[in-house]
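In what follows, a structure is listed as structure tokens, so that the remarks can point back to it.
Here the structure is a predicted model, which is why all the values come from computation and not from measurement. Each chain gets a letter, A, B and so on, in the order the sequences are listed, and its residues count up from 1.
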Amino acid sequence: MLVKAAIATPSGNSLSEWETRLKLLGLLCLVFAFATINDLRLLPLMIITALAVYRLSALPASYLISRLKVPGIFLLAMAVVLPLSAGETVLAQAGPVALRLEGTLGLLSIAARFFSIITVATVLLASTPMPTLVRAMGSLGMPDLLGDMLLFTYRYIFQLADDLHRARVAARLRRARLGSLSSIRTTAYIVGSLLVRSHWQAERVLAAMTLRGYGNSRIDVSRPAPGLRDFAALAVCVTLAGGFVVTQTFFL
Amino acid sequence: MTKTLRASGVSFGYAEERQALDDVSFSVNSAERVGIIGPNGAGKTTLFMLICGVIAPAAGTLEVFGRPVEPGSFQPEVGMVFHHTNDQLICPTVREDIAFGPQNTGLSEDEVRDRVNSVASATGITALLDRTPHELSSGEQRLVAITGILAMMPRLLILDEPTSDLDMRYRRRLIGMLNDMEGHTILVASHDLEFVLETCGRVLFLDEGRVQADGEAAVVMSDKELMEAHGLEVPHSLVAQWHRHVGPEGCE
Amino acid sequence: MTKTLRASGVSFGYAEERQALDDVSFSVNSAERVGIIGPNGAGKTTLFMLICGVIAPAAGTLEVFGRPVEPGSFQPEVGMVFHHTNDQLICPTVREDIAFGPQNTGLSEDEVRDRVNSVASATGITALLDRTPHELSSGEQRLVAITGILAMMPRLLILDEPTSDLDMRYRRRLIGMLNDMEGHTILVASHDLEFVLETCGRVLFLDEGRVQADGEAAVVMSDKELMEAHGLEVPHSLVAQWHRHVGPEGCE
Amino acid sequence: MHIPDGIVPVSVAAGGYALAAGMTAISLRQIERKHVDPREGIPKASLLTAVFFMASLVHIPLPPTSVHLVLSGLMGVVLGWYAFPAILVGLFFQAVMFQHGGLTMLGVNACLMGIPALLSYGVFRLRNMLGETRPLPNAVLGFVAGFMAVAIGAFSAAVLLVSTVPAYLDASVERAAVTGLFVAHLPLAGIEGVFTATVVLFLLRVQPSLLKESL
């Protein structure tokens, strides 16, 4: 159920038209450019760029907020540690606890990068169905074995989510207390059982695939060639990304 | 008299879907056997999950043995055998699997051992005790799963599609077993209407989340109009019976 | 005339077990429909795996369309629908899954697209093409699996337990579909004898790895002595027919 | 163990990708060496990866809180050389579905989990000498494999975080931070060890072929 909720993306995404390979390249350029930014003066611009991309995608704000929750917890931990421990310039002091300038600035820059990268990555992932994304990665040089594993794993994750859920319900109906340390054994047995079952299922899957010619001459499904607008969008992204990096390196 | 099971106005809906159950009311007496029939998606498994307390109704109340079902707190006197028995068998050996439930209820080691031996001999699977559940045939697995549930001494036994994957021999054995279990209250969901006819005196006909009929098994299932309106067919044995009792065309 | 399928003295044994198939001989004519019946473990699935060339016989020969089966080689003219459809639907979307086989036979992209669209409309699953296999009901999955096999234009179609998990509505639809497929040679293994009776003119009765009977479906399955000796039961509809034709006791 | 986006410098992220690419190439070569047709192992590796992915979402109570299983050691034990690509696949889905570890950090996180997984695989191979079928060596090696994968991963992550994040920490604070992060992960490593040993014993009894190098 968790998995299904996680994969559900809102509809009406205006960037889903963008040719996947170019979109992948363009948005990844932006993401990695963001990762290099540590000059405080560029941070607002970076956040504005990220928000503009999100705006263009027409995804609802609530979706982004839901995506920020899980990794946000980690950031929260750093928010407590960094400003109090890093740096020499004390901004404010309350007894032994001192708020330090360098740590606070460090936290600000981490938070800004974190937010901007996740915002753009969310746009990329929410505007592209998983199989399409994997195929695009494949045509950009990812090894076939990884691509096949990604698609297969994706296909069977949902089945295993259901199997695991049912197995846990069945165990709880037989009074297993999954909330205690002793549940390690029960969980280990459930995982072991799923491994054994999957082992056998994989044999059947392979037989079924072979019967349908897996490993025979296979033509690649070609995609429509990218158009002028696709390249223009890529150019905008690359220019923006380059602009950020060049500005920080040479002008600040 | 206290009913074994009483559902009043029970509704339940999964996200984004029409109601899986919609204002369902019925009650079951002690030692009664009720077949739950209806097409796929009629709400049979949902009903079972509610009775077991795995999920909570959106509206209405459910009482088992006179006490309201508290979602999340599972009652050892309700035993459920899953449709996919694979999800229920998690231990390395059949013996351990059958002992799993009794162990969780806090019985002593000796009591558990006696319990395992007695239920295993009652269901005739003593010879399988040292095998691993994963290498058994589907018929054997089903018997082991039932034995594991019976080991918890449930007073209400719920079976979800118990004959799917069973061959005639195991099906016949299961029919004999259920008919020998006097005193148990039993609910059976099944597409195998002949099986329901042989094991249940009463049927509850669900479709589109509502009770379409509730009454004597042979009477409800002989109602050609009702059955076909909901995508079922009158079982052949009832057609045969009709011929036997009323006589074929040429005889009158 | 060349037989579609000819098995002569075929034997096969899994490690440590008694022979799964022991000296099995039979042949099947073009456009014939043969039901394979028998208890669990009778050797039905093993027989299918041999015909498809997934495994090699220990003794005897198998010929399909006049050519000996070469284990491991791809025979697009033999299509098999597996018992567990989950093992067969391997692609992230229904459309890709149906295209998987034709792609492997080296068709061009346009041909594949046309093929997918035409078989999907023939089996009535066009509306499902963009769904993912996991979210389909078991009935829908079964139809998709069959469509994926039909897309390879097999001349011999093999179905392993096609009605398990199907409700009456889908079962009826499947019966209609098979009966409309004139010209195809079809082998069906099923515990659902009524289904076999409605779709196959002939049955091959396997038990303990041997052919116990081979003949007209209604005749073989009416043989109460034979059926019960191997753990099966005469289908109720044949009992009814008997009553209809011969008349009940009181009428003569 | 998952380092999120935006925290470590981009050079580290890029280095992580480079190292992960190298490790993937090595794994692929080893897989090709062992199999006539490496594609035959793909369905099995993928289905088992799906199991690991789902299992890693299960909470195990560790009073007063609860933890997620990491399972990198167990993946090494069961998947062998497929463990590295499998971990990449799993992390990709975690990044995509839950933003757990980010896209830019995929390479770094894959190395933090995947290299220890391969080390665990190596350690578990000692069973060939200690007795493949005897429960005790299997349990001990299973525990070590599970424990060390998490411990090494946590230690590396701590070093990476503390040494690259704020340039303003002095050496003693850095050491304390690394030690703190590492020690905080030891109970988790212990649970992983016990869990891995339990699964190994289960497989030894039910399907020993899964513990062999035969995938």
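- Pairing each heavy atom of A:Gly192 with each of D:Leu203, the nearest pair is O-CD2, 4.0 Å.
- The CG atom of D:Leu28 sits 6.5 Å away from the CG atom of A:Leu146 when rounded to the nearest 0.5 Å.
- The OG1 atom of A:Thr153 sits 7.5 Å away from the CG atom of D:Leu47 when rounded to the nearest 0.5 Å.
- Between D:Tyr82 and A:Leu145, the closest heavy-atom pair is CE2-CD1, 4.1 Å.
- At a 4.5 Å heavy-atom cutoff, the contact between A:Met137 and chain D is made by side-chain atoms alone.
- Within the model, atoms NE2 of D:His59 and OG1 of A:Thr187 stand 11.5 Å from one another, a figure rounded to the nearest 0.5 Å.
- In plain terms, the two heavy atoms of A:Phe32 and D:Thr104 that are nearest each other are CZ-CA, 4.0 Å.
- Heavy-atom pairs under 4.5 Å with chain A were tallied for D:Val199, D:Thr24, D:Ile42; the largest tally goes to D:Ile42.
- D:Met54 contributes atom CE, which lies 8.5 Å from atom CG of A:Asp162 (distance to the nearest 0.5 angstrom).
- Within the 4.5 angstrom heavy-atom criterion, atoms from both the backbone and the side chain of A:Ser193 approach chain D.
- Taking every heavy atom of both residues into account, D:Leu48 and A:His199 meet most closely at CD2-N, 4.2 Å.
- Nearest heavy-atom pair, D:Glu40 versus A:Leu206, reported as atom, atom and distance to 0.1 Å: O-CD2, 3.8 Å.
- Minimum heavy-atom separation, A:Tyr189 to D:Thr198: CE1-CG2, 4.2 Å.
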